[in-house]
Structure formats: structure tokens, C-alpha cells
Amino acid sequence: MDLGIKGKIALVTAASKGLGKAVATQLAIEGAEVIICSRDPESLKIAEAEIVKITNSTVHTFSCDVTNEDQVKQMIDLIEQKYGSIEILVTNAGGPPAGSFGDFSVDDYRKAIELNLLSTISLCKKVVGKMQLQNWGRIVMITSVSVKQPIDNLILSNTARTGVIGFMKSLSNKVAQDGVTVNAICPGYTKTQRVEKLAQDFANNNDSAPEQFYIKLEADIPMGRIGTTKEFAQSVAFLVSQGAGYITGVSLKVDGGFAKGLF
Ligand code: NAP
């Protein structure tokens, strides 16, 4: 199926590893002109080489901390100068640390909000106007299934990410008549380095092995397994496709049935 995004300029942030890298790879497979960023230039180089090897296409890289608004502005100005206006934006960032109510100060919440909410807002502030002028754009915000059902011991993530959904829905209404769709995608447990770290943290805190984390987790997922990054990336690719042009303001779970609510 041709997704209709060949040659589209696509920025995927926080994409040197995990979900972001998988999305960048998938968009490159679909023929988009892909730009990735993350903080560590070495990880970016490795990711670039991996994506080029898989897709045989060019990938552009920028070292950028998405919590730093000046860096975001500079990166997007450079992208526009070198490659043209961004047509597809997939926002992503790292996850805040695990823990519950007693573990964190107000400043920890502030940092989590900067990481997951304000980074999304500053990226959108820079690209939305040009998308409206072009009368075409796709924005997908990577959040978490925690926006549907809070996850135990992830209070910072549970708190910061719900703001992204309020922002996503408000923005989607504002730009709906300009050919720009805005959606959120909500991964359940998907096998990346972050999940491997959560498994290790669980093992350390419970004096057990990381495998126990997966056994416990998978027992709570109707599909009986955690997801793959490829499955996640293909869902994002659909949301940015021409065919998804009438889908906006949606928070799509990609979680194997993990969240048990109706919506
Ligand atoms: P990951 O494997 O740890 O990868 C995180 C990526 O984000 C890396 O490329 C990292 O590169 C980059 N990054 C982190 N902070 C950044 C920043 N401030 N600015 C720019 N880049 C940054 O994580 P993941 O599993 O792919 O998860 C991605 C997001 O989805 C996270 O927010 C996570 O909490 C969320 N999520 C994941 C799952 C899951 O099961 N995997 C489920 C629900 C939600 P640098 O270190 O080089 O910056």
C-alpha cells in the first residue's frame, strides 16, 4: 500500500533509539525524507548508519535536546534552510524516571512536564504555521498508554503526558480546516532499551530477575506479549499517510489490549 508520503519532509525527534528510531526507519521505508534528532551525537551516528543500511535512503541528523527551546528553534530553522518546511512531525522525548508520589519533589514534576509536554508544544509552535500555509501537515505525538490508564510507579509520566492529550486535541481543532491533522499515539509496553531498563529496575527493587518483570507484565496484556517497535512504527506511518487525512484529534492505543477502559 502506497502511503502517499514519498519525498515528504519528516522530522522525528528523540529518534536515535527505541520507538523514535523505529518510526524514522519506517517513514524512510515509505519514501519520506527523514530527519532525526537526539542529544547524543554518537548515538545519532549509529542510528543513522542503521537506518541507511535498512532503507538505503539518506537520513539527516541533528543533535538537539528537545527540552531546550532555543535548540529546537535553531534545529528547525536549519532544517527549513537546508531541506524545506517540515510536513510530517513526530514528537517524542525520553521518559521521566519511575517512582511514586513520595519519591519526587515539585521540581521533578516540572522537569517531567518540560520533557514530555513543553517539548511537544515548542516543536509544534515552530512547525504548525508553515503546515497551515502549505495546507498539508501531519503531527503525531508519541505519548503512552498511561494517558488512558495510569501505570503503577510511573507517576511523573502519568501526570505529564495527559497534558499532551489536552494540547493535541485543542490544536487539532484549531488547524483542522488547514489540511493539518494532529493525533497522539499511545504505546503500551514495547520492547526498547527503556523497557529493558524498567525490567532491570524491577529486578533490582524486588530481588528477582528481569524475566519476572516480563512474565508479570504479559499476564496483564490480552495478547499475552509486549509489542514490537515495528508494529508501533507501522501504526505511526498509517497516521501520517494520505489515507488517514480524515483522522484528527485521536489518541490511538497500540498496546495489545493492555488498557482495559472503553476509550
Ligand atoms: P528509549 O529506548 O530510551 O529511547 C529514548 C530516545 O529519546 C533516545 O534516542 C534518546 O537519545 C532520546 N532522548 C531522550 N531525551 C531526549 C531529549 N531531551 N531530547 C532529545 N532526545 C532525547 O525510549 P523508548 O522506549 O523508545 O521510549 C520513547 C518514549 O515513549 C519515552 O518517552 C517513553 O517513556 C515512551 N513510552 C515507551 C514505551 C515502551 O514500552 N517503550 C511505552 C510507553 C511510553 P539521547 O539520549 O541521545 O537524547
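Note that this is a predicted model, so its numbers are computed, not measured. All ligand and atom numbering here is 1-based and tracks the order in the structure.
- Not a single N or O atom of Ser144, backbone or side chain, sits closer than 3.5 Å to an N or O atom of ligand 1.
- Counting only distance, with no hydrogens or angles, the side chain of Thr190 and the backbone of Gly188 share a donor-acceptor pair below 3.5 Å.
- Close N/O approach between Thr190 and ligand 1 is found [any backbone or side-chain N/O within under 3.5 Å].
- In this structure, atom 42 (C) of ligand 1 is in close contact with the protein, since a protein heavy atom lies within 4.0 Å of it.
- The residues Lys45 and Glu48 are annotated as not salt-bridged, no charged nitrogen and carboxylate oxygen being separated by less than 4.0 angstrom.
- Residue-to-ligand polar distances place Ser38 within reach of ligand 1: an N/O pair is separated by less than 3.5 Å.
- Looking only at heavy atoms of the protein, atom 16 (C) of ligand 1 is closest to Arg39 NE, 3.4 Å.
- Less than 4.0 angstrom separates some heavy atom of Gln193 from each of these atoms of ligand 1: 2 (O).
- To the nearest 0.5 angstrom, Arg110 atom CZ is 15.0 Å from Leu115 atom CG.
- When each atom of ligand 1 is checked for a heavy atom of Asp65 under 4.0 Å away, the hits are 17 (C), 18 (N), 19 (N).
- Under 4.0 Å from ligand 1, heavy atoms of Ala14 appear from its side chain as well as its backbone.
- Nearest protein heavy-atom contact of atom 24 (P) of ligand 1 is Thr192 OG1, 3.6 Å.
- Proximity of Arg161 to ligand 1, defined as any heavy-atom pair under 4.0 Å, is confined to the side chain (atoms from C-beta onward).
- Not a single heavy atom of Ala47 lies less than 4.0 angstrom from ligand 1.
- Between Gln132 and Gln177, every side-chain heavy-atom pair lies at or beyond the 4.5 Å cut-off.
- Heavy-atom contacts of Cys64 reach the following atoms of ligand 1: 19 (N), 20 (C) (cutoff under 4.0 Å).
- Using a 4.0 Å heavy-atom cutoff, Ala93 is listed among the residues neighbouring ligand 1.
- For Leu115, no nitrogen or oxygen atom sits less than 3.5 Å from a nitrogen or oxygen atom of ligand 1, counting backbone and side chain alike.
- Taking atom 9 (O) of ligand 1 as the reference point, the nearest protein heavy-atom neighbour is Ser16 OG, 2.6 Å.
- Contact of the Ile185 side chain with the Val90 side chain is not registered, since no non-hydrogen atoms from C-beta on lie closer than 4.5 Å.
- Distances between N or O atoms of Tyr189 and those of ligand 1 include no value under 3.5 Å.
- Using a non-hydrogen distance threshold of 4.0 Å, Thr13 does not register as a contact of ligand 1.
- For ligand 1, the atoms closer than 4.0 angstrom to any heavy atom of Asp40 are 47 (O).
- Backbone and side-chain nitrogen or oxygen atoms of Gly20 are examined, and none is located within less than 3.5 angstrom of a nitrogen or oxygen of ligand 1.
- For the pair Lys169 and Phe167, the cation does not sit on the ring face, since its NZ or CZ is not both under 6.0 Å from the ring centre and inside 45° of the axis.
- With atom 36 (N) of ligand 1 as the reference point, the heavy atom nearest to it among Val254, Leu44, Thr143 is part of Thr143.
- Here the protein heavy atom with the shortest distance to atom 23 (O) of ligand 1 is Arg194 CB, 3.5 Å.
- Every atom of ligand 1 with a heavy atom of Gly18 under 4.0 Å away is listed here by number and element: 2 (O), 26 (O).
- Closest heavy-atom approach to atom 28 (C) of ligand 1 within the set Val147, Leu217, Asn92: this belongs to Asn92.
- Where the criterion is an N or O separation shorter than 3.5 Å, residue side chain and backbone included, Ile142 fails it with respect to ligand 1.
- A heavy-atom distance below 4.5 Å is not found between the side chains of Ile51 and Val34.
- The distance from the CD1 atom of Ile9 to the CD atom of Glu33 is 4.5 Å, given to the nearest 0.5 Å.
- The residues Glu69 and Lys73 are annotated as salt-bridged, a charged nitrogen and a carboxylate oxygen being separated by less than 4.0 angstrom.
- At a 4.0 Å heavy-atom cut-off, ligand 1 touches Val195 through the side chain alone.
- Between Cys37 and ligand 1, no pair of N/O atoms sits closer than 3.5 Å.
- The N/O atoms of Pro187, backbone and side chain alike, include none that comes under 3.5 Å of an N/O atom in ligand 1.
- Taking CD1 of Ile79 as the start and SG of Cys64 as the end, the distance is 8.5 Å to the nearest 0.5 Å.
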Would you sort out whether Lys216 and Asp220 count as a salt bridge (Lys or Arg N to Asp or Glu O under 4.0 Å), showing the intermediate values?
-> CA-CA 7 Å; Lys216 190 170 176 288; Asp220 209 19; over 6 Å; no
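- At least one cation-pi condition fails for Lys111 and Phe104: the charged atom is not both under 6.0 angstrom from the six-membered ring centre and inside a 45 degree cone around its axis.
- Aromatic ring pairs are classed by plane angle as parallel below 30°, tilted from 30° to 60° and perpendicular above 60°; the pair Tyr83 and His60 is parallel.
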